[in-house]
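Note sheet for the following structure.
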Amino acid sequence: MKQFHKWRGYFILAGCIFIVLVVASLFLNNYTQAVFLVVGGVLFAIPLIGFVRDLKTYGLKTELDISRVLGKEAKDALSFGNIGILTYNEEYVVTWASSYFDQKGLDLVNKKLTSWIEEIRTLFDEDVEVITAESEGSIYEITRKSEGQLLFVKEVTELTHLKKQIQEKEIVVGLVQLDNYMEYQSYENEELMAHINTQLRSPIVTWAQKNGILIRRLRSDRFILVLNKNILHAIRAQNFSILQIIKDKASQIGVSITLSMSFAYGTDDFIVLDDAINELIELAQSRGGDQAAIKDVHGAVEYVGGNSEMSSARSKVRVRVLAQTLQDAILESDAVYIAGHIMTDFDCMGACLSISNWANALNKKAYIVLKDVPRDNQLQSVMDQYLHFIEERHIFITPSLAAEQIDVSKDLMIMLDHGIPAISSAKEFIEDCQRVIVIDHHRRNDNFVKNAIFTYVESSASSTCELIVEMLQNIPSHVPIFEAEATIMYLGILVDTNRFKMHTDARTFEAAACLNTWGANFKLAEKALCEDYEHFSLKHRLIQAARPFKDHFMIVCEEEEIVDKTILAQVSEALLLIKGCKASFTIARTLDQGHPTSCSARSDGSFNVQKIMEQIHGGGHFSAAASSTDTMDPQTFKQELMELIRKEENSESHTA
């Protein structure tokens with residue numbers, strides 16, 4: 001109450017004058033006057049002291065009527081709207097409160113605002129004008145009037161509870177699909193199928209009914225679900241336990257079947273929800289299955305699960321159909337544009353060269369949009385050796401020239417070894433293209449290109465080159481693949497499998513054998529992957545800098561040296577040889593423009609590194625993923641990575 005402090009001096013001065021008068025009277029022997037002065041002073045001091053004490057205890061309550069300040073109409077409006085007003089001083093002490101607070105039984109005058117609701121501090125400390133806070137079971141919306149020291153208060157308890165109830169009752173639509181079920185239905189006997197139906201379909205229905213979900217079967221491997229937001233939160237808190245139940249049941253009967261789920265909400269337009277759940281189920285399956293994809297139609301996709309590597313769903317029939325579809329699309333186009341990803345590697349380049357050969361064999365102009373696009377140093381060395389033959393058979397153009405000459409409505413754009421526009425060599429115009437095809441072996445995410453006429457994304461494949469070799473073997477027309485193309489394609493498989501140590505199955509070796517018959521130079525391929533002394537020395541220094549984390553993870557964090565991404569991958573792969581290591585992560589600044597912080601992640605197949613990398617601006621494969629960001633230095637990235645690993649470990653232990 002600083003406005004009263006000036007009177008303290010006046011009272012002290014008056015007291016001094018009073019004492020001087022009493023002393024003067026006694027000095028002049030005027031005892032009667034002295035007595036009168038003392039008695040009068042005492043009689044005046046007693047009520048004055050009481051007044052000051054009460055003022056200090058209770059403050060000065062200003063009894064004002066709203067109508068006197070704002071007018072009768074404003075008072076009636078505030079009363080009708082059930083709105084209270086508070087004024088406060090520079091110390092955030094309430095100086096006046098409207099009658100609204102008396103009705104609520106709140107005595108706030110001469111008390112700190114924060115003594116009522118602590119969150120009010122946000123109105124003054126941060127640049128906000130409205131907050132919602134709770135006090136004694138009631139919820140208030142408090143608005144600060146920036147021009148004056150004034151707060152408007154409205155109780156919104158009932159409204160908040162109604163909003164919460166509406167949100168909890170909001171409709172959620174879902175799809176559930178048994179991954180690989182159709183493959184078993186096509187090739188297995190009736191006895192096994194009856195066993196699969198009993199052991200795998202029945203638990204889904206039981207789980208849905210137990211959680212109050214409406215479930216109906218759409219076809220032999222797919223169910224539609226109808227539930228509300230409250231139920232979704234409950235099953236989300238259980239980490240969708242049905243995923244693990246189906247995986248365990250499938251393991252018991254010896255089949256490779258998992259469950260994919262999709263849920264969409266956020267609108268009352270059922271057409272939009274239907275489109276959303278169909279896109280999400282395709283997304284979940286292309287990422288490997290065994291997971292749930294959840295999306296508010298106005299927000300981002302959340303993934304739960306995905307803790308097992310998907311078994312191959314490729315059949316010879318499916319590959320033949322996809323190969324014929326691609327060939328038809330090429331034949332229907334005036335020209336074919338082939339896009340790879342930035343920092344082009346062997347797999348990407350090999351795929352681009354083979355598709356270029358395919359288009360040329362069909363007498364279509366093919367343009368590879370990789371000229372002046374950054375590429376791997378080892379790849380460039382091999383390209384230089386075959387430069388004459390490659391330039392003779394293929395046309396490389398810059399992204400800017402491709403953007404100028406492509407006819408987005410008639411020409412075909414083929415994205416190879418990637419499906420995300422942001423990392424594409426054609427990122428500047430890919431969204432404008434109306435005829436886009438994607439062939440990739442990385443798991444999809446919600447940044448996937450939106451306008452593809454068809455996609456072939458097979459995350460169980462070792463590489464994109466493996467997929468294309470299979471397609472070339474299943475078309476009637478002959479596509480010539482020469483030594484240069486075959487060698488680079490073989491190197492694509494060799495690098496992506498870490499010399500056939502990871503992501504391999506019988507089809508991987510079949511593809512490598514096929515490339516051998518097409519003229520791949522295996523000796524040159526091995527020499528191409530040899531390292532110079534500096535790289536060899538740096539790699540082993542980084543390996544020595546690795547530190548264990550939570551017993552079965554290895555992390556390298558290099559803060560000073562700028563490192564090639566290839567070395568990051570090699571270090572992570574080498575660390576997997578350490579006994580008990582489930583996953584390894586190598587972090588450093590890289591040679592890309594701006595020297596961003598990058599991370600290469602590898603796992604032994606028991607831990608999903610893609611889920612981790614996706615949360616730090618990256619993505620990739622179940623057991624091989626990477627990330628790159630300009631927003632964090634290596635040490636900050638490491639701390640974020642360790643926190644994500646902790647959360648994932650806690651989530652897995654909770655599921656178990």
N/O donor-acceptor pair under 3.5 Å between [X] side chain and [Y] backbone:
{"X": "N211", "Y": "I213", "answer": "no"}
{"X": "T497", "Y": "T504", "answer": "no"}
{"X": "T464", "Y": "L416", "answer": "no"}
{"X": "D417", "Y": "G340", "answer": "no"}
{"X": "S584", "Y": "S572", "answer": "yes"}

Next on the checklist: Check this for me: does any side-chain nitrogen of one of K295 and E279 sit under 4.0 Å from a carboxylate oxygen of the other?
Outcome noted: no
Checklist entry - Should E649 and K550 count as an ion pair when the cut-off is N to O under 4.0 Å? => result no
Checklist entry - Any side-chain heavy atom of Q177 within less than 4.5 Å of one from R219? => result yes
Checklist entry - How about L576 and K501: do any of their side-chain heavy atoms sit closer than 4.5 Å? => result no
Next on the checklist: For the CG atom on D248, are there more than 12 heavy atoms of other groups (residues, nucleotides or ligands in this structure) within a distance under 6.0 Å?
Outcome noted: yes
Checklist entry - Which word best sums up how the rings of F607 and F553 line up, parallel for under 30°, tilted for 30 to 60°, or perpendicular for over 60°? => result perpendicular
Next on the checklist: Less than 6.0 angstrom separating the ring centers of F585 and F549, yes or no?
Outcome noted: no
Item to check | Minimum-distance pair of heavy atoms, taken over all atoms of I368 and L353 | outcome: CD1-CD2, 3.9 Å
Checklist entry - Any luck finding a side-chain donor-acceptor pair between T508 and H503 under 3.5 Å? => result no
